[in-house]
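Side chains are part of it too, since the values below use all heavy atoms of this structure and drop only hydrogens, waters and symmetry mates. Since the structure is predicted, the reported quantities are computational estimates derived from the model, not experimental observations. The chain is numbered in sequence order, starting from 1.
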Amino acid sequence: HGLDYLFSLYDEAGKLLAEVQQISMERGEKFPSKVTNQVFRHAKYKGMGYINKPKMRQYVHCYALHCLDMCQSDALRKLCKERGENVGAWCNACYTPLIMMARESGWDIEGIFNRHEKLRIWYVPKKLVQMCSLERAGRPI
């Protein structure tokens, strides 16, 4: 259930983003529309250092698959567990369904994230963008 906990941290980060936006608006400052370093600093300030950039950035594509197709995400988790593979194998396996979704959306992976309520606050991982570009160019990953 560690992955379920990890996914709940993405929701927590969304709430922290809303707090940062509110604080910034009250101060008359420009506010972020996505989870940025400012949000991670705010999390640390609030004693929530477990919401940290390296971990959140590493698994954002896994969270994306979970949000977009929970059944497929769960099936991949189960398959990797049955094979005795570690979380890293599952993490890598999450790219393929997202690439397929991008293909079906005219390679608009940014649009896929931006259209989803929970994902629009996250930057699309560069690795996912690169993998989509390679696949689109006919050079399989």
Side-chain angles (χ1 to χ4, degrees), residues 1-27 29-141:
H1 295 282
L3 294 175
D4 294 324
Y5 171 71
L6 175 64
F7 292 154
S8 73
L9 296 182
Y10 286 92
D11 295 332
E12 293 274 337
K15 293 174 187 170
L16 290 168
L17 172 61
E19 286 180 23
V20 167
Q21 290 172 332
Q22 183 63 38
I23 292 167
S24 297
M25 281 192 282
E26 289 171 2
R27 294 179 181 168
E29 299 171 350
K30 185 178 175 185
F31 56 90
S33 60
K34 295 190 182 283
V35 176
T36 62
N37 289 340
Q38 187 177 358
V39 175
F40 294 116
R41 284 192 301 272
H42 183 65
K44 188 173 181 179
Y45 171 78
K46 290 188 70 169
M48 301 169 77
Y50 50 88
I51 295 179
N52 62 70
K53 182 178 176 177
K55 183 187 335 175
M56 303 302 280
R57 295 278 200 237
Q58 181 179 357
Y59 294 105
V60 72
H61 71 287
C62 301
Y63 177 66
L65 179 59
H66 174 77
C67 291
L68 294 165
D69 189 343
M70 192 180 302
C71 291
Q72 191 167 16
S73 174
D74 288 345
L76 275 176
R77 287 166 69 177
K78 183 179 177 186
L79 180 64
C80 288
K81 186 175 182 177
E82 288 171 355
R83 291 180 179 169
E85 296 173 335
N86 63 17
V87 174
W90 172 77
C91 181
N92 285 331
C94 288
Y95 283 112
T96 301
L98 292 170
I99 292 168
M100 298 305 140
M101 288 177 196
R103 177 185 290 136
E104 292 166 5
S105 294
W107 298 107
D108 186 14
I109 192 68
E110 298 271 345
I112 291 171
F113 271 61
N114 289 332
R115 285 187 295 274
H116 193 281
E117 181 182 340
K118 289 185 175 185
L119 298 178
R120 70 175 51 119
I121 64 170
W122 295 96
Y123 290 102
V124 178
K126 288 179 185 173
K127 183 175 179 179
L128 179 57
V129 171
Q130 291 169 342
M131 292 173 89
C132 286
S133 293
L134 286 173
E135 187 73 19
R136 182 179 187 187
R139 293 176 290 205
I141 46 178

Measuring from I109:CD1 to L98:CG, what's the distance to the nearest 0.5 Å?
-> 5.5 Å
Main-chain N/O of F7 paired to D4 side chain as donor or acceptor, under 3.5 Å | no
Side chains of R103 and R136: does their closest heavy-atom pair fall under 4.5 Å?
-> no
Exercise: identify the closest heavy-atom pair between P32 and Q38 = CD-OE1, 3.6 Å
Would you say the side-chain atoms of H66 pair up with the backbone N or O of C71, donor to acceptor, closer than 3.5 Å?
-> no
Please tell me if the side chains of W122 and M56 come closer than 4.5 Å, counting only heavy atoms from C-beta onward.
-> yes
Polar side-chain atom of S105 near backbone of M101 as donor-acceptor pair, under 3.5 Å = yes
Quick check: are there more than 12 heavy atoms from other residues, nucleotides or ligands sitting under 6.0 Å from CD of E117?
-> no
side-chain contact (heavy atoms from CB on, under 4.5 Å) between K55 and L6, intermediate numbers included = CA-CA 9 Å; K55 183 187 335 175; L6 175 64; 3.6 Å; yes
Check whether any side-chain N or O of K118 sits under 3.5 Å from a backbone N or O of D11 as a donor-acceptor pair, and report yes or no.
-> no
Of all heavy-atom pairs linking L17 and K34, the shortest is CD1-O, 3.6 Å
Supply the atom-to-atom distance E29 CD to S24 OG, rounded to the nearest 0.5 angstrom.
-> 5.5 Å
Taken in chain and number order and not counting sequence neighbours, the residues that satisfy ring-ring contact (aromatic ring centres under 6.0 Å, His included) with H42 are none
Is the shortest heavy-atom distance from the side chain of H61 to the side chain of C91 under 4.5 Å?
-> yes
Count the heavy atoms belonging to other residues, nucleotides or ligands that lie under 6.0 Å from CE of M25, then report whether that count exceeds 12.
-> yes
Please examine the side chains of Y45 and F40, heavy atoms only from C-beta on, and report whether any two atoms are closer than 4.5 Å.
-> no
Measure the spacing between CD of E110 and SG of C132 and express it to the nearest 0.5 Å.
-> 10.0 Å
Contact check, side chains of N52 and K44, non-hydrogen atoms, under 4.5 Å = no
Contact summary for L16 and A43, nearest pair of heavy atoms | CD1-CB, 3.5 Å
What closest approach, in Å, do W90 and L76 show between heavy atoms, and which atom pair accounts for it?
-> CD1-C, 3.6 Å
Donor-acceptor contact below 3.5 Å, side chain E135 vs main chain I99 | no
Taking C-beta and beyond as the side chain, do Q130 and P125 meet within less than 4.5 Å on heavy atoms?
-> no
Report the relative orientation of the aromatic rings in Y63 and Y10; use parallel for angles under 30°, tilted for 30 to 60°, perpendicular for over 60°.
-> parallel
To the nearest 0.5 Å, atom CD1 of I51 lies from atom NZ of K15 at 9.5 Å
Quick one: does R120's side chain get under 4.5 Å of F113's, heavy atoms only?
-> no
Pair D108 + R115: basic N to acidic O under 4.0 Å | yes
For the pair F31 and V20, evaluate side-chain contact (heavy atoms from CB on, under 4.5 Å) and give the outcome as yes or no after the intermediate values.
-> CA-CA 7 Å; F31 56 90; V20 167; 5.7 Å; no
Is a salt bridge present between K81 and D74, judged by a nitrogen-to-oxygen distance below 4.0 Å?
-> no
Expected output: side-chain S73 to main-chain D69 donor-acceptor under 3.5 Å = no
What's the spacing between L119 CG and L68 CG if we round to 0.5 Å?
-> 5.0 Å
L65 and P97 have their tightest heavy-atom pair at CD1-CB, 3.7 Å
Student check: side-chain heavy atoms of V35 and K53 closer than 4.5 Å = no
So how far is it from R77 CZ to Q72 CD, rounded to the nearest 0.5 Å?
-> 13.5 Å
